[in-house]
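Letters go in sequence order (proteins before strands), and every chain restarts at 1.
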Protein chains: 2
Amino acid sequence: MTVPPEAEREGVGDVARLRSIPEASVARLALYLRTLGELSEQGAETVSSDELAAVTGVNPAKLRKDLSFIGSYGIRGVGYEVRPLVHQLEQSLGLNHRQAVALVGVGNLGHALAGYGGFDGRGFPVTALFDVDPDLVGIHINGILVEHVREIPRIAAERGVTIGMIATPGPAAQAVCDLLVSAGVQCILTFAPVVLQVPADVEVRKVDLAVELQILAFHVARRNLDHPGVTTGTTNGHALVNGAADNRTVNGSGGIHS
Amino acid sequence: MTVPPEAEREGVGDVARLRSIPEASVARLALYLRTLGELSEQGAETVSSDELAAVTGVNPAKLRKDLSFIGSYGIRGVGYEVRPLVHQLEQSLGLNHRQAVALVGVGNLGHALAGYGGFDGRGFPVTALFDVDPDLVGIHINGILVEHVREIPRIAAERGVTIGMIATPGPAAQAVCDLLVSAGVQCILTFAPVVLQVPADVEVRKVDLAVELQILAFHVARRNLDHPGVTTGTTNGHALVNGAADNRTVNGSGGIHS
DNA sequence: ACCTGTGAAGATTTTCACAGCA
DNA sequence: TGCTGTGAAAATCTTCACAGGT
């Protein structure tokens, strides 16, 4: 897609384009961005759609179509220049300015998330931590003070939090969500196994580990219908399967360490 | 769907049906199952598709269609009996016998996952822990000994592990994955931000937190194109939005605690 | 010669709307 | 009457295949 004649002024005029990127593509664009970052570090200057497709496990045509939505400039006969493409993706995904993240619930999982370095490095600084447990309120994690949940409205607004992460037990999640919303947070990533009720202008994404395992279990069950006795020992012929960011596959972590 | 005349003998004859359940439906069936469990605890005997749809945030017609894939018996004019439906779902999702889980990488995130009680309760006992870090190998987490990754083939086979969870840094993930596969593990849930290469008979699901945040960031960016100045203070009229288990929404955690 | 960008075909998924049973 | 089960339409997403630059 060459630059449309109207709509200049750097990065705007994307308006129309941005609005119409299919949901499914957005998820993959984020994946491409991360992968390109790695390729870039390894010194790659250009990638073809076939190469990038192989690494990300996506169909090459699909990849090209995805990239066409953000109006990137590939070079026919050559491929994509990594640096400009990364830039373009960051533009389109809204990663040109950092997004402050508030994390609510610093128990088991929340503590791990708070300690995870990967967010900061990707432009998502964890800026506030909250909990209700008196044993946790007042401690510092990675240099950040854990505050009481009741402070959410004040602190989140003060610190310009745009993304809330909920890692509380299920029953607490809706109340926490309401507090975040009342503080003006419009994007929420929740690990609590409940459906959150939010105003229409708030975006929620949910990561449900138990459900993930159940889906896997289903596939075991299905397989065992065909091959009842098999349990161990597998040939290993590395097929390029399971395209990341595919249906119902949520991608994650960027390096939560062993 | 009334019972087809052929194919009896309890729970088999599902073969044909199981094979053909759309991927998208499988993910939601797992969600219904969890939700029904909660309704059941609250004493509900029957649910209508409208009720269950409201709670899970799914379209009622879609829900009915999903359930029709497992051949469940709803009662026209009444709804579904919760108990039998739960049973049927467990059957179909392969949750009638427990699946032993091995967790590789007990660093930041892995440690949290190992300590998470929700897996055991849902029929996914964490049966083996692995790492390479000498500081971690030998410790116990929740009563389970952390063993060296090189022991994976032996121990996983011994303990009948069917599901592997990978919570290592990206670079280590492929090697770990290979070890799991060589031990006969056919289902893998990975948090490492790399595309795993596996034989065709192995199922991989990926949870990528960094990508999740980027997707949210995109939605912030898109919104700000329309309402440039808005930052704080939101009306709160609880719309029933964001159907769980919807596109690209992975559900999770069942209660990783604050 | 090679690789992008994209119309058009194909597959899957969602939604509608209503027939049919309790 | 009320709610399930399901054909069929609509929307969305994926894949093919090739025209068109470089």
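Using a distance-only test at 3.5 Å, with no hydrogens or angles considered, no donor-acceptor pair links the side chain of A:Ser25 to the main chain of A:Ile21.
For B:Ser49, a side-chain nitrogen or oxygen approaches OP1 or OP2 of D:dT4 to under 4.0 Å. Not one side-chain nitrogen or oxygen of A:Asn59 sits closer than 4.0 Å to the OP1 or OP2 atom of D:dC13.
Taking atom CG on A:Leu29 and atom P on D:dC13, their separation rounds to 13 Å, with Å as the unit. Between B:Ile70 atom CD1 and D:dT6 atom P the separation is 13 Å, expressed in whole Å. With rounding to whole Å, A:Arg64 atom CZ is found 15 Å from C:dA8 atom C1'. Rounding to whole angstrom units, OH of residue B:Tyr80 and P of D:dT4 are separated by 5 Å. B:Asp66 places its CG atom 13 Å from the C1' atom of D:dG5, with the value rounded to the nearest Å. The CD1-P distance, from B:Ile75 to D:dG5, rounds to 9 Å in whole Å. In this structure, A:Glu23 places its CD atom 18 Å from P of D:dA11, rounding to the nearest Å. The CG atom of B:Leu85 sits 10 Å away from the P atom of D:dG5 (whole-angstrom rounding).
Judged by distance alone, the side chains of B:His87 and B:Glu81 never bring a donor and an acceptor atom under 3.5 Å apart.
Judged by distance alone with a 3.5 Å cut-off, no donor-acceptor contact links the side chain of B:Lys65 to the base of C:dT13. No hydrogens or angles were tested; on distance alone, a donor-acceptor pair under 3.5 Å links the side chain of A:Arg76 to the base of C:dT4.
With sequence neighbours excluded, no residue forms a side-chain contact (heavy atoms from CB on, under 4.5 Å) with B:Glu45.
If you find the closest nucleotide of DNA chain D to B:Gly74 and to A:Ala61, the one lying nearer the 5' end belongs to B:Gly74.
Of the residues listed (A:Leu209, A:Val207, A:Ile166), the one engaging A:Phe191 in a side-chain contact (heavy atoms from CB on, under 4.5 Å) is A:Val207, and it is the only one.
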